[in-house]
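Data first, discussion second: the structure below is written as structure tokens.
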Amino acid sequence: MVAKPRETSVKLAVDLGGLAMKNPVTVASGTFAAGREYADFVDVASLGAVTTKGVSLNGWEGNASPRIAETPSGMLNSIGLQNPGVEHLKEHELPWLRTVGATTIVNVSGHSFGEYVDVIESLEGTGLVDAYEINISCPNVDAGGMTIGTDPRSVEQVVGMCRAATKLPMIVKLTPNVTDITEIARAAEAAGADALSLINTLLGMAIDARTRRPQLARVVGGLSGPAVKPVALRLVWETSKAVKVPLLGMGGIATGTDAIEFMLAGACAVAVGTANFTNPTATVDVLNGMIDYCEQQGVANINELIGALQC
Amino acid sequence: MPQLVNEKARIVSNEQVGPRLHVMVLESPQIARDIKPGQFVHMKVPGAESHVLRRPFSIYARDAAAGIVEILYQEVGSLTSFMPGIGEGFAELIGPVGNAWAGPALYAEGACSHALIVGGGVGAAPLFMLVEQLVSAGCATDVVLGAQTKDALVTCGRYEALLGREPIVATDDGTYGYAGFCTVPVAERLRDGSTADGAPYDYVAVCGPEPLMKIVAGQAAEAGVKCQVSMEKRMACGIGACLSCVVDTVSGKKRSCVDGPVFDASEVVW
Ligand SMILES: Cc1cc2nc3c(=O)[nH]c(=O)nc-3n(C[C@H](O)[C@H](O)[C@H](O)COP(=O)(O)OP(=O)(O)OC[C@H]3O[C@@H](n4cnc5c(N)ncnc54)[C@H](O)[C@@H]3O)c2cc1C
Ligand SMILES: Cc1cc2nc3c(=O)[nH]c(=O)nc-3n(C[C@H](O)[C@H](O)[C@H](O)COP(=O)(O)O)c2cc1C
Ligand code: FES
């Protein structure tokens with residue numbers, strides 16, 4: 001049985017920096033592949049968008065195993081952006097998303113500034129992409145990723161280069177592993193980002209005391225899941241006060257109420273990540289929970305909730 | 001690929017069968033009907049809300065008519081040590097996940113007539129349905145089981161009933177059967193051939209700790225026999241989406257959840 005959102009009179013459509021989403025729920029990149037694996041469980045076209053796994057120009061092997069460890073109310077991962085390259089995505093994954101009628105956000109990664117641009121250029125004009133999410137925040141690669149996203153000057157430079165390569169909506173994904181996220185957020189906005197997404201995973205580690213060894217082959221990895229939600233909410237709230245562009249909030253969302261909290265903190269849309277692993281219908285369950293909330297609270301249009309936190 | 005389901009499964013019983021070994025019986029009609037030997041379920045353990053990840057378990061036995069499946073599990077960490085305390089309730093099972101052992105299909109094609117099945121520890125569980133199919137098809141099948149000690153040989157009785165004779169057994173501490181690892185009787189069998197007629201084996205399946213599978217894979221390769229292994233990696237999504245569970249193979253990294261868990265031993269880079 002494939003889960004679908006239920007009927008409602010609540011207006012759910014949001015505009016994420018020029019990306020029209022039929023409702024505010026997408027998936028967190030890397031937790032949902034390109035949607036097909038979850039099609040037995042949820043109607044992926046009914047989501048606000050599907051965000052695909054980070055893609056680079058040529059394939060990446062990713063990191064050694066073990067790549068994950070469970071932690072209290074969360075998990076660490078060090079997948080390392082394993083992907084078969086943008087040509088594969090273009091030929092085998094994105095056309096399927098088009099066939100089923102899904103709105104598509106492609107998460108773009110690179111080892112170098114130029115590689116981000118190369119990935120975008122190879123997707124431009126294909127009609128297979130509705131928006132890009134520029135991942136300058138992956139903690140699991142040695143070059144590119146988070147090393148770019150922690151320095152405002154690099155952020156301005158790479159976002160500026162990507163901006164010049166596309167007119168499609170461009171979301172820039174921020175890392176929480178910085179002292180002041182608003183500085184990075186402003187740099188991305190100034191360089192032309194249409195929206196910002198946050199948070200990527202928090203750097204962490206887990207140790208097996210018995211064997212005196214790290215639980216991940218890479219030693220450190222990115223923490224996600226309900227354990228990070230309070231940190232993510234705080235960062236969304238701080239960022240929403242620092243920039244004008246809309247935010248895509250994520251980090252530990254597992255229920256409709258979690259998602260509503262992100263919208264109140266200032267997010268225009270939300271992404272469900274780790275919760276998909278616990279519950280393969282989490283995306284639709286979150287959306288239905290948001291509808292419940294709106295109906296119970298007399299919210300006619302979900303946009304009313306964005307930044308509606310009363311401090 | 002057949003449709004995956006996330007089935008709400010009532011826990012019918014949950015009993016200790018040996019040292020740190022338990023059998024959980026669940027009502028899961030769709031999975032009981034569709035599951036093939038080698039495939040597994042990805043279980044959301046009830047009452048463990050602070051655990052964000054499911055746990056993969058093989059199906060030890062099923063009764064398709066009654067709609068039930070059985071899991072043999074060993075306490076090794078946080079959730080498997082929590083599971084024995086679960087009384088009534090509902091688990092959620094994603095399944096049937098993954099590919100199946102090739103033995104029955106090879107037999108049907110005439111490519112396998114003498115099988116050697118090797119289970120180490122709880123690795124004996126995912127092989128039971130395979131042996132059922134091979135035996136009922138008429139394939140000459142020998143089973144070698146290894147365990148730490150006599151009390152841990154909890155699958156032995158079922159195998160004996162199925163085969164009509166005792167499986168070949170080794171215990172690490174020598175309390176039953178061969179003393180030492182089950183690789184010793186495996187070597188003997190590969191040398192002497194099937195207990196049915198002395199013919200050489202043409203199919204080996206092994207499941208258990210990785211070091212055991214690696215050794216048996218080497219023994220089978222030396223004897224020139226096709227060998228399959230079931231790779232157990234930590235899994236997050238369990239359905240092919242997250243790349244947590246990759247195995248290094250001669251053709252690159254493959255997902256053990258959906259490209260496996262069964263792999264040709266010759267394909268695995270150990
Ligand atoms: C396809 C498949 C089928 C399986 N079938 C069975 C079965 O029939 N019976 C059974 O008892 N076990 C089976 N396992 C192993 C079982 O999934 C793990 O024992 C379980 O996930 C451990 O959970 P935990 O919370 O107790 O351990 P944790 O606290 O998560 O970890 C404790 C220890 O177990 C190891 N571990 C964690 N996950 C796995 C894993 N997936 N595979 C191997 N070791 C792991 C960790 O590295 C660690 O050393 C299977 C695994 C796979 C991948
Ligand atoms: C297994 C896994 C893989 C991920 N891969 C990516 C990726 O390829 N690109 C990216 O931008 N973020 C990636 N992330 C981060 C998530 O998109 C998300 O930012 C983070 O997990 C927080 O959300 P959550 O708590 O809901 O999972 C990954 C996360 C996980 C758990
Ligand atoms: S566990 Fe997610 S791909 Fe195998």
Fill in the blank from the handout: Closest non-hydrogen contact found for B/I94 with A/P280 is CD1-CG, 3.7 Å
Practice task
Taking all heavy atoms of A/M75 and all of B/L53, pick out the closest pair and write down the distance.
Solution key: SD-CD2, 3.9 Å
Problem - Which atoms of A/T71 approach chain B - backbone, side chain, both or neither, heavy atom under 4.5 Å - result: backbone
Handout entry: Which portion of A/P66 sits near chain B, non-hydrogen atoms under 4.5 angstrom
Key = side chain
Completion exercise
Heaviest contributor of heavy-atom pairs below 4.5 Å to chain B, chosen from A/A275, A/A227, A/G225, A/G74, is A/G74
Practice task
Tell me, with the steps shown, if B/I239 and A/Y38 meet side chain to side chain contact (heavy atoms under 4.5 Å, CB included).
Solution key: CA-CA 8 Å; B/I239 60 170; A/Y38 278 92; 3.6 Å; yes
Handout entry: Side chain proximity check, B/S50 to A/S73, heavy atoms < 4.5 angstrom
Key = yes
Exercise for the section: Using atom types as modelled and distance alone, determine if a side-chain donor or acceptor of A/D40 lies under 3.5 Å from a backbone N or O of B/Q3. Expected result: no
Handout entry: Segment of A/A254 engaging chain B (4.5 angstrom heavy-atom cut-off)
Key = neither
Problem - Neighbours of chain A found in residues 242-256 of chain B - heavy atoms under 4.5 Å - result: B/C242, B/L243, B/S244, B/V246, B/K253, B/R255
Exercise for the section: Name the region of A/T31, side chain, backbone, both or neither, that has any atom closer than 4.5 Å to a heavy atom of chain B. Expected result: backbone
Handout entry: Step-by-step side chain to side chain contact (heavy atoms under 4.5 Å, CB included) determination, A/F32 to B/C237
Key = CA-CA 9 Å; A/F32 209 73; B/C237 71; over 6 Å; no
